[in-house]
There are 2 protein chains.
Amino acid sequence: MKLKQNINLAVDGIIFGYQDHQLYVLLIKQKYGSQKDKWALPGGFVLDDEKLIDAVKREVKEETGVKVQYLEQLYTFGDDIDRDPRFRVVSVAYFGTVNPKHMELKPTTDALDAQWFSIAKMPKLAFDHNKIIEVALDRLRGKLNYQPIGFNLLDSKFPFSDLEQLYMTILDRDIDRRNFRKKILSFGFLEETDEFHKAGSGRPGKLFKFNSKKYKELEQEGISLEIKFA
Amino acid sequence: MKLKQNINLAVDGIIFGYQDHQLYVLLIKQKYGSQKDKWALPGGFVLDDEKLIDAVKREVKEETGVKVQYLEQLYTFGDDIDRDPRFRVVSVAYFGTVNPKHMELKPTTDALDAQWFSIAKMPKLAFDHNKIIEVALDRLRGKLNYQPIGFNLLDSKFPFSDLEQLYMTILDRDIDRRNFRKKILSFGFLEETDEFHKAGSGRPGKLFKFNSKKYKELEQEGISLEIKFA
DNA sequence: ACAAAAGTGTTCGCTTTACACCCATGT
DNA sequence: ACATGGGTGTAAAGCGAACACTTTTGT
């Protein structure tokens with residue numbers, strides 16, 4: 001029994017980065033095909049003996065030079081049957097994050113160009129990639145409220161105000177500094193360091209780091225980490 | 001540029017049903033292959049011009065005769081590279097529900113047999129299907145807390161105690177009757193009918209029905225429907 | 001001394017929780 | 001009359017929301 005299914009399996013990566021109060025997504029310029037010269041999500045076809053998540057890591061690395069820190073499966077988009085006239089493409093989208101240290105781009109031959117685009121001014125992308133980014137953003141916003149995913153977008157040591165700004169940027173609303181700090185610290189997975197952030201002006205802030213070992217313990221104990229704040 | 005990817009795309013359906021304080025999953029007996037005679041989730045290969053969700057509906061119907069009411073994408077399982085020696089299979093799993101009226105089975109030639117299995121006594125299944133069911137169950141439990149998904153598992157008119165029992169069965173814990181009723185009714189998407197449930201004994205309970213139009217309005221208004229109860 | 005950002009506590013109101021008795025029906 | 005399940009209110013505690021002044025540093 002041999003199948004003659006004419007479907008090809010691809011992956012796409014929605015990779016978020018954060019810098020200077022702005023949330024960014026990693027995009028590449030299409031080099032071939034009907035969507036040539038449009039910007040698109042990095043991604044490509046899965047190799048026969050390659051795990052899906054490894055395909056995403058590989059494609060993102062090849063196309064942009066960026067090494068992703070965190071990745072999770074988002075959704076499988078497979079209903080746009082006529083997207084490619086030669087065969088049907090079903091694409092498993094993964095969303096991920098990189099911390100600011102790893103945002104530098106090293107364009108390769110696979111892409112004409114690669115760039116970080118601010119979520120605030122997103123161009124019209126190839127295929128249904130604008131829609132996919134919206135889905136990823138919804139997931140990111142949702143996860144901020146019950147998983148410590150925001151830390152992946154910051155340096156390993158960061159002042160509290162950065163975390164606060166990150167949440168405000170992504171959720172697009174004001175947050176009360178006092179309540180936010182109290183709530184986050186009450187979980188107990190943030191560790192105080194003895195270093196300080198040298199600001200341009202104003203009082204220097206203590207640097208904190210995320211203690212992932214402690215987090216896993218709390219997670220194991222089934223403690224609710226829901227983050228609600230004013 | 002012709003691809004010679006040797007991957008085939010399948011779908012699996014994790015279909016939940018509920019009756020008599022028991023949560024059930026729909027399974028079929030494998031008729032061919034290395035896993036012959038083991039029980040497995042209904043599913044099969046996607047046709048070239050068929051949407052993923054339609055492939056699930058079709059396969060479940062063909063293999064069990066059951067028409068699914070609600071379906072949503074769960075996860076794509078694609079890392080078990082050696083599951084089938086002839087080619088790699090990547091499977092998009094959908095989880096769904098049927099109400100008690102539609103739980104009757106009409107086995108067809110595609111499956112040796114089809115049956116509802118209680119979650120409480122699940123046999124060892126083919127492939128990684130036990131794991132997939134766990135993932136689906138987690139999602140179902142999670143969704144109970146913020147989406148009115150439970151109603152899909154009941155008849156369109158139901159006494160309040162059925163809803164309560166459903167939640168207790170799926171979440172596997174006690175719930176305070178008074179607080180639960182207050183909370184659910186406060187959302188305003190349940191409609192009282194003038195019919196009564198004729199119990200074997202005891203005072204007959206009023207029948208309610210889920211008003212999905214009202215629910216969509218509330219959803220639109222962005223009102224939080226988080227369900228927490230003692 | 002002034003500007004800029006960090007650090008910190010208390011009060012109020014709402015939601016969740018805990019809890020027990022009466023009601024309607026069938027036998 | 002008794003057994004069975006349905007229907008209901010109130011008080012206490014905990015959590016989220018609102019809110020402003022002091023501290024440290026650079027200029």
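Chain letters run A, B, ... following the sequence lines, proteins first and then strands; every chain starts at 1.
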Worksheet entry | Results of side chain to side chain contact (heavy atoms under 4.5 Å, CB included) for B/S118 - residues two or more places apart only | B/Q22, B/Y24, B/A120, B/K121
Worksheet entry | Length of the line joining A/L185:CG and C/dT8:P, which is rounded to integer Å | 9 Å
Worksheet item: Under the ring pair (Phe, Tyr, Trp, His ring centres under 6.0 Å) criterion, do A/F16 and A/Y18 qualify, and how do the steps go?
Response: CA-CA 7 Å; A/F16 291 106; A/Y18 175 81; over 10 Å; no
Give each protein N/O atom lying under 3.5 Å from an N/O atom of nucleotides 10-13 of chain D, with the pair distance.
unit_1	atom_1	unit_2	atom_2	d
D/dT10	O4	B/K182	NZ	2.9

Anything under 3.5 Å between a protein N or O and an N or O of nucleotides 12-14 of chain C, put it in a table, one pair a line.
none

Fill in: Interatomic distance, A/K206 NZ vs D/dT25 P [rounded to whole Å]
12 Å
Fill in: Among D/dT8, C/dC19, C/dT17, the one nearest B/D176 by side-chain distance
C/dC19
Item to complete: Can you figure out which of C/dT16, D/dG7, D/dA20 approaches the side chain of A/R177 most closely?
Response: D/dA20
Fill in: For atom CZ of A/F196 and atom C1' of D/dG26, their distance in whole Å
16 Å
Worksheet entry | Atom pair CZ (A/R181) and CZ (A/F160), whose distance is rounded to the nearest 0.5 Å | 5.5 Å
Worksheet item: How many Å lie between CZ on B/R173 and C1' on C/dA18, as a whole number?
Response: 14 Å
Worksheet item: Once you round it to whole Å, what is the distance between P of C/dC19 and CD1 of B/I175?
Response: 17 Å
Worksheet entry | Enclosure of B/K209 NZ (heavy-atom neighbours >12, cutoff 6.0 Å) | no
Discussion item. If the cut-off is 4.0 Å, is B/S161 near the phosphate of D/dG6, judged by side-chain N/O to OP1 or OP2?
Written reply: yes
Worksheet item: Which residue lies toward the 5' end of DNA chain C, B/K183 or A/P159, if each is placed at its nearest nucleotide?
Response: A/P159
Practice prompt. Decide, yes or no, whether a salt bridge links A/K101 with A/D155 under the criterion of side-chain N to carboxylate O below 4.0 Å.
Written response: yes
Response to the item:
Sorted by chain and number, sequence neighbours left out, side chain to side chain donor-acceptor pair (under 3.5 Å) with A/K143 holds for A/E72, A/Q147
Item to complete: Give the rounded distance in Å between these two atoms: CZ of A/R181 and P of D/dA17.
Response: 19 Å
Worksheet item: For A/K228 and C/dT15, what is the distance between atoms NZ and P respectively, to the nearest whole Å?
Response: 11 Å
Discussion item. From CG of B/D162 over to C1' of D/dG5, roughly how many Å is that when rounded to an integer?
Written reply: 12 Å
Worksheet item: Does a donor on one side chain and an acceptor on the other come within less than 3.5 Å for B/N152 and B/Q69?
Response: no
Worksheet item: Does a nitrogen or oxygen in the side chain of B/R178 sit under 4.0 Å from OP1 or OP2 of C/dA18?
Response: no
Item to complete: Could you tell me which residues satisfy side chain to side chain donor-acceptor pair (under 3.5 Å) with B/E104, sequence neighbours excluded, listed by chain and number?
Response: none
Discussion item. A/F158 and ring-ring contact (aromatic ring centres under 6.0 Å, His included): which single residue from A/F208, A/F151, A/F210 fits?
Written reply: A/F151
Under 3.5 Å between N/O atoms: give me all the protein pairs with nucleotides 2-4 of chain C, atom names plus distance.
unit_1	atom_1	unit_2	atom_2	d
C/dA4	O3'	A/S201	OG	3.3

Fill in: From A/L140 atom CG to A/L153 atom CG, the distance as rounded to the nearest 0.5 Å
6.5 Å
Discussion item. Using side chain to side chain contact (heavy atoms under 4.5 Å, CB included), reason through A/I53 and A/V11 one step at a time and then give a plain yes or no.
Written reply: CA-CA 8 Å; A/I53 200 168; A/V11 287; over 6 Å; no
Item to complete: Look up atom CG in B/L71 and atom OG1 in B/T97, then write down how far apart they are to the nearest 0.5 Å.
Response: 8.0 Å
